[in-house]
A.B. asks: 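My questions will all concern the structure given below.
Keep in mind that the numbers below use all heavy atoms, side chains included, and drop hydrogens, waters and symmetry copies. Index from 1, following the sequence.
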Amino acid sequence: MEQPIRWGILGAAAFAQKHMAPAIHAAQGAALAALATSSPGKADAFAAFAPGLRVHDSYDALLADPEIDAVYVPLPNHLHVEWTEKCLAAGKPVLTEKPIAMAERDFDRLIAARDKAGLLAAEAYMILHHPQWQRARALVAEGAIGDVLHVHGAFSYDNRDPANIRNRPETGGGGLRDIGVYPIGAARYVTGQEPVLLDTHLVYEGGVDTYAEATCTLGDARFSFRVSTRASLWQEMTFHGSDGVLRLSAPFNAGNFGPAKLHLLRPGQGEETQMYFSDAQYVLQVEAFGHTLRTGAPYPVPLEFSRGTQALIDKMFAAAPA
C-alpha cells in the first residue's frame with residue numbers, strides 16, 4: 001500500500017483549522033502529520049481530529065522535520081512569498097494560501113525558486129478543483145452558449161473588525177487580495193482569455209480596499225465584476241453567450257454559501273441544472289497536489305496561472321490608488 005503524503009502546516013490559523021487541516025486529514029493518500037505554532041494550546045483543535053499530530057514550536061523546526069513531505073502555508077498574506085521560498089529551500093513542496101504573492105513581480109522570485117528546487121509550489125486556489133468549474137469550462141469550450149459576450153462576477157461578505165488581518169494594510173489585507181482573485185481567476189479559467197482593464201473603482205477604509213469593481217475586455221467579450229468586504233454575503237458568476245447563459249449559483253464557497261448548482265439556459269431548450277452535493281473542493285485540492293507529487297502530472301493551478309490574476313489586481317491598484 002502506498003504511503004500517504006505527510007503534511008505539515010505553518011501556523012495555527014483559524015482558516016487552516018476549519019478548512020484545510022480537516023481536508024488534509026480527509027484526503028485520500030494524505031495525512032496531517034505536524035503543525036508549527038508557538039502557542040501549544042492552539043494545536044488542540046487540530047489534534048482532536050488528527051491523533052498523533054506532532055507540534056513544533058517554530059516554522060523552521062517543522063521545515064527541518066524529515067518526516068514531512070509537503071507543507072501548507074496559511075500565514076498572513078505579506079508572509080507568503082518568504083515562507084514559500086523557505087519551504088522550497090528546505091526541500092519541501094509547498095501549497096500556499098491565496099494570494100500567494102502581493103504583486104506580479106513577486107512571481108519572478110517564486111517561479112525561479114520553484115524551478116531551482118525542482119519541486120511543486122502552488123497557490124491554494126481551491127475552486128478550480130471543483131467539478132462545477134471543470135464542467136463550466138468544458139461547456140464554454142464546446143460552444144454550449146455560443147460566443148461568449150459578457151462575463152459577470154460578484155463576491156461579498158461583511159467584515160468590519162479592525163483587528164482582523166483582512167482589514168490591516170500591514171498584513172496585505174483588502175478585498176481584492178482576499179476575494180477578488182475568485183471572479184478574476186474563474187473568468188480566466190473558463191474562457192482561456194486574459195482580461196485587459198478598461199475602468200475600475202476602489203473604495204478604501206483604514207488603508208485597505210473594501211469595495212472594488214472593474215470593467216475589462218476578455219478576448220472578444222466584456223468582463224465585469226465587483227467585490228466587497230462591507231456588504232451582505234453574496235456570490236455569483238454568469239457567462240452570457242450568443243446562444244445561451246451559464247450561471248453558477250454558489251461558485252466560490254460551494255456547500256457553504258449554498259449547494260453548487262450549474263444552470264445552463266438556452267432558448268427553446270429550457271434550463272438544465274446540474275447539482276453537486278458532496279464534492280469538497282479543499283479535499284480535491286489536496287488530492288490534486290498529491291497526484292502531481294506522485295506522478296509528475298501537471299498541476300491544475302500552476303504559478304503561471306496565478307500570476308495572470310495578480311497582474312490584473314496590480315493594474316487595478318495602480319489605476320485607483322488609496
Side-chain angles (χ1 to χ4, degrees), residues 1-101 110 113-114 116-126 129 164-165 171-172 280-296 299 301 303:
M1 183 177 178
E2 196 169 35
Q3 291 297 312
I5 292 169
R6 300 165 297 182
W7 284 82
I9 298 178
L10 296 189
F15 179 86
Q17 186 266 317
K18 183 177 180 181
H19 295 290
M20 276 299 291
I24 292 169
H25 182 67
Q28 291 188 3
L32 179 57
L35 174 73
T37 176
S38 58
S39 304
K42 292 184 178 180
D44 294 344
F46 293 79
F49 57 82
L53 182 77
R54 297 191 305 283
V55 180
H56 294 286
D57 61 5
S58 72
Y59 303 155
D60 288 318
L62 186 145
L63 295 187
D65 187 338
E67 296 185 8
I68 292 300
D69 304 312
V71 176
Y72 168 63
V73 178
L75 301 173
N77 294 344
H78 70 298
L79 299 175
H80 287 178
V81 170
E82 174 188 356
W83 284 97
T84 299
E85 290 179 320
K86 287 184 176 181
C87 288
L88 292 169
K92 309 292 188 186
V94 55
L95 182 67
T96 300
E97 258 314 316
K98 55 79 197 161
I100 195 170
L110 293 175
R114 176 200 66 186
K116 179 180 179 181
L119 298 169
L120 177 58
E123 181 179 65
Y125 190 66
M126 77 292 187
H129 302 280
N164 189 285
I165 61 171
T171 56
Q281 55 193 0
Y282 295 106
V283 173
L284 294 172
Q285 176 176 246
V286 174
E287 292 177 349
F289 196 91
H291 178 69
T292 294
L293 290 186
R294 287 193 172 93
T295 68
Y299 187 66
V301 192
L303 291 176

A.B. asks: Could you name each residue pair satisfying ring pair (Phe, Tyr, Trp, His ring centres under 6.0 Å) that touches residues 8-42, not counting sequence neighbours?
C.D. replies: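 Every pair satisfying ring pair (Phe, Tyr, Trp, His ring centres under 6.0 Å) with a residue in residues 8-42: Phe15-His19, Phe15-Tyr282, His19-Tyr282, His25-Phe49.
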A.B. asks: Specify the closest pair of heavy atoms between Asp65 and Ala34, including all atoms of both residues, with the distance to one decimal.
C.D. replies: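 Residues Asp65 and Ala34, closest heavy atoms: OD2-CB, 4.4 Å.
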A.B. asks: Considering all heavy atoms of both residues, which atom of Ala43 and which atom of Leu53 are nearest to each other, and what is their separation?
C.D. replies: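 It is O-CD2, 4.3 Å.
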A.B. asks: List, one per line, each side-chain donor-acceptor pair under 3.5 Å for residues 283-292, sequence neighbours excluded.
C.D. replies:
unit_1	atom_1	unit_2	atom_2	d
Gln285	OE1	Tyr125	N	3.2
Gln285	OE1	Met126	N	3.3
Glu287	OE2	Gln28	N	2.9
Thr292	OG1	Ala288	O	3.4
Thr292	OG1	Ala297	O	3.1

A.B. asks: Could you give the distance from CD1 (Ile5) to CD1 (Ile68), rounded to the nearest 0.5 Å?
C.D. replies: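 Result: 12.0 Å between the selected atoms.
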A.B. asks: Can you tell me how far the CG atom of Leu35 sits from the CZ atom of Arg54, to the nearest 0.5 Å?
C.D. replies: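 With rounding to 0.5 Å, CG (Leu35) is 11.0 Å from CZ (Arg54).
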A.B. asks: Quick one: CZ on Arg114 to CG on Leu120, what's the gap to the nearest 0.5 Å?
C.D. replies: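 Nearest 0.5 Å value for the CZ-CG distance: 8.5 Å.
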A.B. asks: How would you list, by chain and number, every residue that makes a side chain to side chain donor-acceptor pair (under 3.5 Å) with Lys86, sequence neighbours excluded?
C.D. replies: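 For Lys86 the side chain to side chain donor-acceptor pair (under 3.5 Å) partners, ignoring immediate neighbours, are Glu82.
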A.B. asks: Just verifying a value: how many Å separate Leu79 CG and Thr171 OG1, rounded to the nearest 0.5 Å?
C.D. replies: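 The OG1 atom of Thr171 is 9.0 Å from CG of Leu79, to the nearest 0.5 Å.
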A.B. asks: Would you check if Cys87 and Leu63 make a side-chain contact, meaning some heavy-atom pair closer than 4.5 Å?
C.D. replies: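 Sidechains of Leu63 and Cys87: in contact.
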A.B. asks: Can you run down the salt bridge (Lys or Arg N to Asp or Glu O under 4.0 Å) pairs that involve residues 13-32, sequence neighbours left out, and say none if there aren't any?
C.D. replies: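 Listed by first then second residue: nothing to list.
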A.B. asks: For Ser58 versus Ala36, what's the shortest heavy-atom pair and its separation?
C.D. replies: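 For Ser58 and Ala36, the tightest heavy-atom pair comes out as O-CB, 3.5 Å.
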A.B. asks: Nearest 0.5 Å, please: how far is CD in Glu85 from CG in Leu110?
C.D. replies: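 The distance works out to 6.0 Å.
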A.B. asks: What residue pairs, at least two apart or across chains, pass salt bridge (Lys or Arg N to Asp or Glu O under 4.0 Å) with a residue in residues 29-42?
C.D. replies: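 Salt bridge (Lys or Arg N to Asp or Glu O under 4.0 Å) check on residues 29-42 returns no pairs.
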A.B. asks: Are side-chain heavy atoms of Thr84 and Ile100 found at a separation under 4.5 Å?
C.D. replies: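 They are in side-chain contact.
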A.B. asks: Going by ring pair (Phe, Tyr, Trp, His ring centres under 6.0 Å), name the pairs with one or both residues in residues 53-80, residues two or more places apart or in two chains.
C.D. replies: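 Residue pairs with at least one partner in residues 53-80: Tyr59-Trp83.
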A.B. asks: Quick check: closest heavy atoms across Pro99 and Asn77, and the distance to 0.1 Å?
C.D. replies: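 Minimum heavy-atom separation between Pro99 and Asn77: CD-OD1, 3.4 Å.
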A.B. asks: At their closest point, which heavy atom of Arg6 faces which heavy atom of Ala33, and how far apart are they?
C.D. replies: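 Scanning both residues completely, I find the closest heavy atoms to be CB-CB, 4.0 Å.
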A.B. asks: Does the side chain of Glu97 reach to within under 4.5 Å of the side chain of Leu75, using non-hydrogen atoms?
C.D. replies: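 No, their side chains stay 4.5 Å or more apart.
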A.B. asks: For Tyr299 and Ala122, work out which heavy atoms get closest and say how close.
C.D. replies: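 Closest approach of Tyr299 to Ala122, heavy atoms only: CE2-CB, 3.4 Å.
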A.B. asks: Just so I know, are the side chains of Leu95 and Met20 near enough to count as touching, which here means a heavy-atom distance under 4.5 Å?
C.D. replies: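 Yes, their side chains come closer than 4.5 Å.
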A.B. asks: Got a second to check how far Thr96's OG1 is from Leu303's CG, nearest 0.5 Å?
C.D. replies: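 Thr96 OG1 to Leu303 CG: 8.5 Å, rounded to 0.5 Å.
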A.B. asks: Just by distance, do the side chain of Thr37 and the backbone of Ala12 share a donor-acceptor pair under 3.5 Å?
C.D. replies: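 Looks like no, no N/O pair under 3.5 Å.
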